[in-house]
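Remarks on the structure that follows.
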Amino acid sequence: MAECTVVLKDGSERSVEKGTTLAELAAAISGRLGREAVAGKVDGVVVDLSTPLVQDAAVEILTLNDAEGLAVMRHSTAHCMAQAVARLYPGTKFAIGPVIENGFYYDFADHDFTPDEFSDIEREMQAIIKEDLPIRREEVSRDDALRLFEERKDRFKVEIIQDLPEGTQLTLYRQGEFVDLCRGPHLPSTGRIKAFRLMSLAGAYWRGDSKREMLTRLYAVAFAKKSELDEHLKMLEEAKQRDHRKLGKELELFMFSEDAPGMPFYLPNGLVIRNELESFERALQVEYGYQEVRTPTLMNQRLWVESGHWDHYRENMYVSEADEELYALKPMNCPGHMLIYRNKLRSYRDLPLRISEYGHVHRHELRGTLGGMMRVRAFTQDDAHIFCRPDQIGQEVERVLALVAKVYGVFGFTHHIELSTRPDDSLGSDELWNQAESALQAALDGAGVTYHINPGDGAFYGPKIDFHIKDAIGRTWQCATVQLDFNLPIRFDLEYIGEDGKAHRPVVIHRAIFGSVDRFLGILTEHFAGAFPLWLAPVQVRVATVSHDFADYGAAVEQKLKAAGIRAEVDLRGEKIGYKIREAQVHKIPYTVVVGEKERDAGTLSVRRYGTGDLGTMNFADFVAKVKEEVASKELLKV
RNA sequence: GCCAGCGUAGCUCAGCAGGUAGAGCAACUGACUUGUAAUCAGUAGGUCGCAGGUUCGACUCCUGUCGCUGGCUCCA
């Protein structure tokens with residue numbers, strides 16, 4: 001019998017008879033691996049365990065501990081859900097059911113689902129799992145597959161097959177009475193499916209095309225263990241508790257009105273935080289050589305034609321008329337900054353020119369996409385444009401990287417970086433693109449950061465770097481961005497006079513760090529769960545009097561704290577001290593200072609820290625020094 | 001813009017085979033004068049998102065509309 005040699009994950013080699021399946025190999029390696037195997041990988045391709053080995057190859061056995069193994073199980077769980085739906089609601093048509101982060105979804109048509117049906121579907125899925133149906137792969141010709149799904153009037157599957165070239169070999173996966181067109185791979189049987197939960201239902205267009213049929217998408221999560229599922233559900237619950245919309249209301253940070261959908265109103269508390277964020281960043285920007293400007297909100301249509309926004313972004317712009325001319329609210333700050341650059345003759349000595357703006361922009365986003373601070377129609381960008389020579393790109397990007405790291409570090413965010421390179425349809429010469437991409441890469445390498453490259457994902461006008469921050473409960477948010485732009489300098493015919501006395505074209509670097517200040521505030525609210533570090537806290541110290549007798553002393557303490565530059569307020573109400581303390585804690589106020597007879601007589605304060613508890617008695621000067629020190633260091637709250 | 005769900009007091013929510021609304025917290029008043037996460041009692045507060053329709057009668061059913069939520073889509 002012929003043999004072939006497989007190289008395993010640990011580098012060891014093993015001879016097996018040709019025709020040995022991966023399942024058999026797994027069992028031969030170890031009993032445990034045989035039981036835990038869910039799929040295999042042959043020369044880097046994920047395949048079913050039933051796949052026979054026919055030639056020398058690098059082989060890996062996948063279990064649920066491998067991301068790819070887990071994905072296989074999620075995919076099989078999607079089939080299981082589809083089978084349950086087919087059993088419960090005959091006539092339902094099936095579109096696609098891919099794996100997504102934490103789980104999968106499946107798109108259906110011809111049945112109106114309601115969330116009430118989730119438990120029925122889950123119960124049927126459990127039944128299918130208990131039946132432990134073998135999942136079998138079948139290779140079929142394109143014509144046979146077409147015939148099968150035409151017979152079943154499965155219009156989506158038929159369309160998918162029709163879009164494949166003639167003569168393509170297709171695969172079907174069968175489990176009991178259920179069959180689905182699928183590339184696979186899958187688990188060996190339905191009994192191997194572990195923990196899952198149906199989560200939500202949503203509309204989704206067939207093939208993501210808004211002109212086509214709207215399907216019903218069922219979302220579900222699936223994990224290798226029940227404990228992991230529970231952990232995930234707990235995280236979602238935690239996220240709900242931290243939701244900035246809930247906390248924004250409770251802590252009176254901001255509000256929304258039907259009269260201005262998607263446009264946040266800042267309440268006094270929220271504005272304190274926002275102002276602190278801006279002045280923190282503003283000081284750093286001065287240090288990093290930025291000059292702050294402010295450009296108009298409403299500008300003539302001519303400008304938007306020149307910038308190209310009128311042709312490419314018109315749908316999202318608010319337009320108004322005055323003096324029989326069209327004006328538009330700025331959706332971006334760049335065109336205004338181009339005008340500032342062009343306002344006078346620029347020399348190479350002026351470059352790099354870094355201009356920043358807290359620019360309030362309006363974008364008419366589709367109604368259905370709005371959500372809290374995360375997706376709005378009016379927001380403020382911490383925008384900046386750096387005008388430089390092509391050979392300065394590298395050093396400028398490095399400066400931005402350093403600034404971004406400094407800003408994020410203060411909030412305790414870690415971040416990862418993605419570099420998006422030249423897309424197919426792009427503007428600018430090969431030379432410029434190559435220079436720009438290598439400058440970005442060199443800057444990233446020089447900064448010693450790791451990054452992920454998204455080839456072809458850049459904007460048509462230049463490559464970009466995106467920063468994704470990770471918050472306290474592990475979610476990531478894309479915030480900062482650095483984008484090179486070869487387009488705007490051309491459109492606005494920007495020039496500088498070089499050493500050679502001739503006119504040259506500068507490169508523009510767009511950059512934002514918070515991105516949207518408003519959204520960043522939302523992210524921070526969730527990151528800190530509303531318990532902001534002292535320097536950001538709207539109220540830093542709440543003075544609580546034990547009874548009316550100490551009102552004078554309490555009011556005097558408040559005044560002295562305010563005079564020391566501390567955001568303080570006093571609670572003089574005729575409530576019990578326990579009640580006042582509870583309220584201060586519920587509002588997540590960092591320090592509560594209790595004053596009663598002892599404190600008044602000794603001229604001291606009794607200090608309580610949010611998240612820590614009673615810190616004991618302090619004299620006024622020590623407390624002020626402590627608070628000021630904590631504010632200055634921007635110390636993160638230790639809970 | 002599309003699909004689904006939701007919209008009742010300042011907040012969180014209950015209610016109704018269709019007979020014009022209720023709780024807790026907050027607010028206000030009074031009593032209590034309080035020592036580290038909720039003192040007691042009382043009062044007030046709503047054209048049930050808005051506009052039409054069906055009905056003797058609509059918060060409840062229907063249509064439209066606005067807003068919110070979850071997705072889709074779009075994202076120079």
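Note on naming: letters A, B, ... go to the chains in the order of the sequence lines (proteins, then strands), and numbering restarts at 1 for each one.
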What does A:A204 touch in the nucleic acid at a heavy-atom separation under 4.0 angstrom: a base, only the sugar-phosphate, or nothing?
sugar-phosphate
Once Watson-Crick and G-U wobble pairs under 3.5 Å are found, how is RNA chain B written in dot-bracket notation, 5' to 3', with | for any base paired to another strand?
(((((((..((((.....[..)))).(((((.......))))).....(((((..]....))))))))))))....
Looking only at side-chain atoms of A:I577, point me to the closest of B:rU73, B:rU34, B:rC2.
B:rU34
Can you see whether A:K598 engages A:S606 through a side-chain donor-acceptor pair at a distance of less than 3.5 angstrom?
no
Please report the distance separating the P of B:rG7 from the corresponding atom of B:rC59, rounded so that it comes out in whole Å.
15 Å
Can you tell me how far C1' in B:rC48 sits from the matching atom in B:rA58, rounded to whole Å?
11 Å
Distance, P atom - from B:rG42 to B:rG67, rounded to whole angstrom:
43 Å
Could you tell me whether the side chains of A:H337 and A:E357 share a donor-acceptor contact shorter than 3.5 Å?
yes
Given atom CZ of A:F118 and atom C1' of B:rG5, what is their separation to the nearest angstrom?
11 Å
Which of the following nucleotides, B:rU39, B:rU33, B:rU36, is nearest to the side chain of A:K576?
B:rU39
Considering every strand and a 4.0 Å limit on heavy-atom distances, what is the contact class for A:S606: base, sugar-phosphate, or nothing?
base
So what does A:S307 hit on the nucleic acid, given a heavy-atom distance under 4.0 Å: a base, only sugar-phosphate, or nothing?
base
Between A:K249 and A:R367, just flag the one whose closest nucleotide in RNA chain B comes earlier from the 5' side.
A:R367
What's the closest nucleotide to the A:K598 side chain, out of B:rA76, B:rC68, B:rG35?
B:rG35
Does a donor on one side chain and an acceptor on the other come within less than 3.5 Å for A:E495 and A:Y341?
no
Any idea which heavy atoms bring A:A568 and A:L561 closest together, and the distance?
CB-CB, 3.7 Å
Which heavy-atom pair separates A:F113 from A:V85 by the least distance, and what is that distance?
CZ-CG1, 3.6 Å
Have a look at A:L215 and say if it touches a base, only the backbone sugar-phosphate, or nothing, with a 4.0 Å heavy-atom cut-off.
nothing
Regarding A:F113, tell me which of base, sugar-phosphate or nothing describes its non-hydrogen contacts under 4.0 Å with the strands shown.
nothing
Look at all strands and tell whether A:G613 reaches a base, only sugar-phosphate, or nothing, counting heavy atoms closer than 4.0 Å.
nothing
Pick base, sugar-phosphate or nothing for A:R245, based on heavy-atom distances below 4.0 Å to the nucleic acid.
sugar-phosphate
Per ring-ring contact (aromatic ring centres under 6.0 Å, His included), A:Y219 is matched among A:F104, A:Y105, A:Y106, A:F118 by A:Y105
Have A:Q478 and A:H415 got a donor and an acceptor in their side chains that come within less than 3.5 Å?
no
For nucleotides B:rG53 and B:rG57, find the distance between their C1' atoms and express it as a whole number of Å.
14 Å
The side chain of A:H309 is closest to which nucleotide in this list: B:rG1, B:rU33, B:rA76?
B:rA76
Short side-chain N/O contact from A:Y219 to OP1 or OP2 of B:rC72, under 4.0 Å
yes
Atom CZ of A:R377 and atom C1' of B:rC74 are separated, to the nearest Å, by 13 Å
Between A:D311 (CG) and B:rC75 (C1'), how many Å, whole number?
17 Å
To the nearest Å, give me how far apart CD1 (A:I581) and P (B:rU34) are.
15 Å
Is there a donor and acceptor pair, one atom on the side chain of A:E599 and one on the base of B:rG35, closer than 3.5 Å?
yes
Rounded to whole angstrom, note down the C1' distance from B:rU8 over to B:rG49.
10 Å
Are side-chain N/O atoms of A:W206 and A:D107 paired as donor and acceptor at under 3.5 Å?
no
A:M332 near the nucleic acid: base, sugar-phosphate alone, or nothing, with a heavy-atom cut-off under 4.0 Å?
sugar-phosphate
Give one of base, sugar-phosphate or nothing for A:E583, where a contact means two heavy atoms less than 4.0 Å apart.
nothing
Considering only atom P, compute the distance from B:rA27 to B:rA51 and round it to an integer number of Å.
32 Å
Considering only the P atoms, how many Å lie between B:rC50 and B:rG35, rounded to the nearest integer?
47 Å
Taking the six-membered ring of A:F223 (Phe, Tyr or Trp), confirm whether the NZ or CZ of A:R74 is under 6.0 Å from its centre and within 45° of its axis.
yes
Just checking A:T216: base, sugar-phosphate only, or nothing, at a heavy-atom cut-off of under 4.0 Å?
nothing
Between A:H364 and A:Y579, name the one whose nearest nucleotide on RNA chain B is closer to the 5' end.
A:H364
Base, sugar-phosphate, or nothing: which does A:E597 touch, judged by heavy atoms less than 4.0 Å apart?
base
For the pair made of CG in A:L366 and P in B:rG70, what is the distance, rounded to whole Å?
16 Å
Nearest-Å distance, NZ (A:K588) to C1' (B:rA37)?
13 Å
With a 4.0 Å cut-off on heavy atoms, is A:N487 in touch with a base, just the backbone sugar-phosphate, or nothing at all?
base
How long is the line joining OH of A:Y461 and P of B:rC75, in whole Å?
12 Å
Have a look at A:R573 and say if it touches a base, only the backbone sugar-phosphate, or nothing, with a 4.0 Å heavy-atom cut-off.
sugar-phosphate
Quick one: label A:Y205 by what it contacts on the DNA or RNA (base, sugar-phosphate, nothing), any heavy atom closer than 4.0 Å.
base
Interatomic distance, A:Y106 OH vs B:rC3 P [rounded to whole Å]:
23 Å
B:rG24 to B:rG45 separation - C1' atoms, rounded to the nearest Å
15 Å
Pair A:T545-A:K580, side-chain donor/acceptor within less than 3.5 Å
yes
Could you check which of B:rA76, B:rG35, B:rU39 has an atom nearest any side-chain atom of A:Y313?
B:rA76
Distance only, no hydrogens: is a donor on one side chain within 3.5 Å (strictly under) of an acceptor on the other, for A:E418 and A:N454?
yes
Please determine, for the side chain of A:E258, which listed nucleotide (B:rU34, B:rC75, B:rC66) has the closest atom?
B:rC66
